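Structure, as structure tokens:
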Number of protein chains: 2
Amino acid sequence: MAQTSVSSNPRRTSSRHAGLDRDDVVEAALLLVDEGGPEALTMRRLAGKLGVATTTIYWHVGSRDDVVDAVIRRHGERQAEHAVSGDTARQRVMSVARHLRDEALAHRGITRLAELHGETSVLNEHLEVAMARELTTAGVVGEDARDALRAILICVGGFLVVAMRNEAAIPPDHSRTAVWSRVDDPNVDPSTRLALTTQVDLPVLFERTVQAIVDTHVPEA
Amino acid sequence: MAQTSVSSNPRRTSSRHAGLDRDDVVEAALLLVDEGGPEALTMRRLAGKLGVATTTIYWHVGSRDDVVDAVIRRHGERQAEHAVSGDTARQRVMSVARHLRDEALAHRGITRLAELHGETSVLNEHLEVAMARELTTAGVVGEDARDALRAILICVGGFLVVAMRNEAAIPPDHSRTAVWSRVDDPNVDPSTRLALTTQVDLPVLFERTVQAIVDTHVPEA
DNA sequence: ACCTGAACACCGTTCAAGT
DNA sequence: ACCTGAACACCGTTCAAGT
């Protein structure tokens with residue numbers, strides 16, 4: 001609600017010139033997505049928040065796609081400011097994996113925006129480079145490094161998808177990974193039913209599963 | 001383009017009654033999504049395809065969300081008609097995993113539609129039950145079965161996400177999993193660069209990675 | 001160079017009205 | 001019971017026009 005401050009341009013005259021910057025637009029868009037998700041980023045709402053006509057956005061940044069792209073790149077750069085921790089190579093790779101997950105969950109709106117636009121790899125560019133670096137340092141190179149990187153990132157991505165699904169739909173206290181109508185089917189025996197309906201501890205399963213994949217690719221310290 | 005045949009209702013009189021069925025609407029919507037993706041499913045286009053006023057859809061099925069839900073459930077039932085193959089438990093679980101992936105890729109539009117609506121688990125309900133059954137039969141029960149099921153499904157989901165990304169954006173012959181601007185960064189050493197830019201063989205990595213997770217949960221035959 | 005308003009082609013949805 | 005047309009509140013985008 002509070003009007004985004006337009007700080008970059010010095011004299012903020014009254015009349016026709018709003019003194020808007022490309023940066024101001026991107027920053028306002030970033031806030032919009034962070035607060036209200038991808039669907040909150042409309043050209044009209046963005047303009048309204050900046051106190052400007054809708055068409056002005058087109059002059060400064062371009063189409064909605066361009067705005068989205070700029071938002072993703074800017075947030076991707078901020079994500080990069082992160083020190084990798086851990087003593088062994090396996091620990092350091094795991095720390096990047098966790099950071100990737102935590103950042104994605106802390107900024108769900110932008111994560112979903114990137115996925116909708118097919119720009120997830122753009123968003124996570126710097127973190128993927130960081131992980132690749134750790135692999136190289138650990139002596140995993142060439143095709144091995146490529147396969148290790150992809151396998152780990154794919155697995156983390158899978159966890160992200162279900163983590164986003166959970167906290168999006170259902171209130172957090174009775175969030176479960178799966179509840180189906182099928183559960184009432186008499187053809188499903190009690191043991192199978194249990195496997196399907198019991199709540200899973202995602203952070204724990206994340207550690208187990210990602211660690212297993214890391215271990216198959218990265219030699220012990 | 002070709003008008004969907006309205007077969008279910010016997011007398012297909014001219015005047016006001018189009019003789020439309022709820023099933024006809026869902027079937028037409030399914031086709032629309034299969035051919036043109038989620039964004040092709042608009043109420044106006046759907047009505048146009050059925051030769052009927054837009055508002056008629058609301059009478060038969062309800063809102064767009066209801067149409068989407070019906071489409072996902074119907075396709076989910078069709079997916080279920082599949083015999084699980086393989087002699088050992090591990091092989092049979094892998095066969096369900098592969099089937100899940102192949103079906104999702106064969107019907108990308110519906111896969112994306114389900115994901116957009118948070119109904120992926122509804123779409124794959126029957127296949128998840130099938131996998132749970134195989135686990136139970138193999139003697140994996142209780143919390144072990146629940147963890148095994150989730151870990152495997154999450155990993156398959158991760159592969160699905162990147163497989164969908166690839167063939168959606170870039171022409172298939174030079175599709176690669178990752179090409180970044182960052183690659184030109186002088187801070188990235190040649191070995192790391194190679195890991196980041198080389199194309200990965202997804203089907204092969206799928207086998208390796210999913211098999212590794214299956215093996216950690218399902219005992220050898 | 002920077003910004004505006006009107007206009008266009010789309011959406012989903014509601015609702016009174018017709019047969 | 002089944003179907004329609006007009007209308008509303010939204011979209012993204014273009015474009016001639018203003019300062």
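To find a chain, count down the sequence lines: A is the first, B the second, and so on, and within it residues start at 1. Fair warning: this is a prediction, and the values are worked out from it, not measured in the lab.
The distance from atom CE of M43(A) to atom C1' of dA6(C) is 17 Å, rounded to the nearest whole Å. For the pair R44(B) CZ and dG5(D) C1', the interatomic distance rounds to 12 Å; values are reported in whole Å. Rounded to whole angstrom, the span from the CG atom of L46(A) across to the P atom of dT13(D) amounts to 12 Å. Taking atom CZ of residue R22(B) and atom C1' of nucleotide dA1(D), one finds them 17 Å apart after rounding to whole Å. Remark: C1' of dT14(D) and CG of D66(A) are 15 Å apart, rounded to the nearest angstrom. We find that CG of L50(B) is positioned 15 Å from C1' of dC2(D), with the value rounded to whole Å. Summarising the geometry, the separation between CG on L20(B) and C1' on dC3(D) is reported as 10 Å, rounded to the nearest angstrom.
Contact annotation: R45(A) side-chain N/O to dC11(D) OP1/OP2 distance is under 4.0 Å.
Annotation: E143(B), atom CD; neighbour count of heavy atoms from other residues, nucleotides and ligands within 6.0 Å does not exceed 12.
The side chain of V52(B) sits closest to dC3(D) out of dC3(D), dG12(C), dC11(D).
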query = DNA chain C in dot-bracket, Watson-Crick or G-U pairs under 3.5 Å, [ ] crossing, | other strand?
reply = ||.|||||...|||||.||

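Applying the ring pair (Phe, Tyr, Trp, His ring centres under 6.0 Å) test to pairs two or more places apart or on separate chains, none has a residue in residues 42-61 of chain B.
For the residue pair R208(A)/H217(B), the side-chain donor-acceptor check at 3.5 Å is satisfied. Of the N and O atoms on the side chains of R112(B) and H117(B), not one donor lies less than 3.5 Å from an acceptor on the other residue. Between the side chains of R92(B) and S85(B), no donor-acceptor pair is found at a separation under 3.5 Å.
With respect to R73(A) and D69(A), a salt bridge is recorded, a charged nitrogen being found less than 4.0 Å from a carboxylate O. Salt bridge absent: K49(B) and E27(B) never bring a charged side-chain N and a carboxylate O closer than 4.0 Å. Using a 4.0 Å cut-off between charged nitrogen and carboxylate oxygen, R108(B) and D34(B) do not count as a salt-bridge pair.
For DNA chain D, the neighbouring residues in residues 53-65 of chain A, judged by any heavy atom under 4.0 Å, are T54(A), T55(A), Y58(A), S63(A), R64(A).
Counting non-hydrogen atoms under 4.0 angstrom, L41(B) reaches the backbone sugars and phosphates but no base.
Taking the ring axis of F206(B) as reference, the NZ or CZ atom of R101(B) stays within 45° of it and closer than 6.0 Å to the ring centre.
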